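Indexing begins at 1, ligand by ligand and atom by atom, following the structure's order. Keep in mind that this is a model prediction, so the values were computed, not measured.
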Amino acid sequence: MTRPNESPSGACPIGVFDSGVGGLSVLKALRAELPHEDFVYLADAGHAPYGERDEAYILERARLITRYLLEHHHIQLLVMACNTATAAAIQPLRQEFPALPIVGVEPAVKPAVALSQTKHIGVMATRATLNSTKFQALLASLADQAEFICQPCDGLADAIERQETSKIIALCAYYTWAIGQFGTKPGDIDTLVLGCTHYPFARDQLATLLGPEIHLLDNGDPVARQTRRLIGAKAKAFGQGQLTLQSTGNGATLHHAAQQWLAVQNPVETVSV
Ligand code: DGL
């Protein structure tokens with residue numbers, strides 16, 4: 001017998017969550033890599049943004065969402081499509097839910113070191129991600145390989161969530177100016193890490209500000225490949241994957257973003273978690 005939220009094929013979906021629409025940038029890569037899988041995407045918009053909250057709050061939200069996705073959707077794997085939630089919660093939640101494979105997202109600083117010629121790298125992320133012990137340890141492990149200029153971008157994820165175009169442009173201009181001199185000469189910053197899953201949706205604005213020579217790096221594709229590796233032989237080989245969209249906040253925002261960025265018209269269910 002099919003369980004209530006199982007897909008018609010009988011396979012359990014992959015759960016994906018973020019504080020809002022940002023994780024759609026990861027979901028897009030996941031659906032391209034695993035086109036036959038079913039996904040349930042939960043935007044915790046009723047409790048966003050996470051980036052200026054404390055670690056205990058973010059961990060509790062991630063815990064409640066994980067439990068909800070397991071109980072209501074019987075997910076086979078969880079993708080935390082949020083750098084901020086990954087930094088605060090992935091280690092404790094892997095211990096609390098040992099049977100559930102969990103894939104996280106972290107700022108692409110390692111690929112940035114490989115790509116940068118000048119070895120001067122800008123990192124845009126939320127304040128909570130940059131301050132986390134997990135990110136600080138990652139940065140320390142690369143400290144002898146490049147210079148990193150880290151910029152907390154208060155308000156940017158929220159402006160992207162609300163699609164406030166002029167505010168997005170103003171914040172991108174301000175934060176890239178604050179990071180320093182971009183370019184390809186020695187000492188210039190030639191690579192910018194988009195360390196929040198919302199920021200790829202400001203990629204065009206950032207590329208316009210910085211020019212075509214600056215590398216802009218996010219983590220959607222590596223996360224999708226890692227998810228495929230973990231699913232392994234259980235990955236479905238045919239059929240069209242189903243997508244369920246849910247939000248704890250304004251469903252219209254997620255519906256509009258999914259339409260714009262994923263070209264899907266799926267309805268959004270409002271849930272209380
Ligand atoms: N999209 C999230 C991230 O990757 C966080 C945005 C927020 O809620 O502040 O960090």
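Side chains of Asp44 and Ser19: no donor on one and acceptor on the other come within 3.5 Å. A side-chain donor-acceptor contact under 3.5 Å links Gln246 and Tyr68. Counting only N and O atoms by type, the side chains of Glu161 and His198 include a donor and acceptor under 3.5 Å apart. Residues Tyr50 and Asp18 bring no donor and acceptor atom of their side chains to less than 3.5 Å of each other. Between the side chains of Ser116 and Asp190, at least one donor-acceptor pair of N or O atoms lies under 3.5 Å.
Between Asp158 and Arg162 a salt bridge is recorded (basic side-chain N to carboxylate O distance below 4.0 Å).
Sorted by chain then number, the residues whose non-hydrogen atoms approach ligand 1 to under 4.0 Å are Asp18, Ser19, Pro49, Tyr50, Gly51, Cys82, Asn83, Thr84, Thr126, Ala157, Cys196, Thr197, His198.
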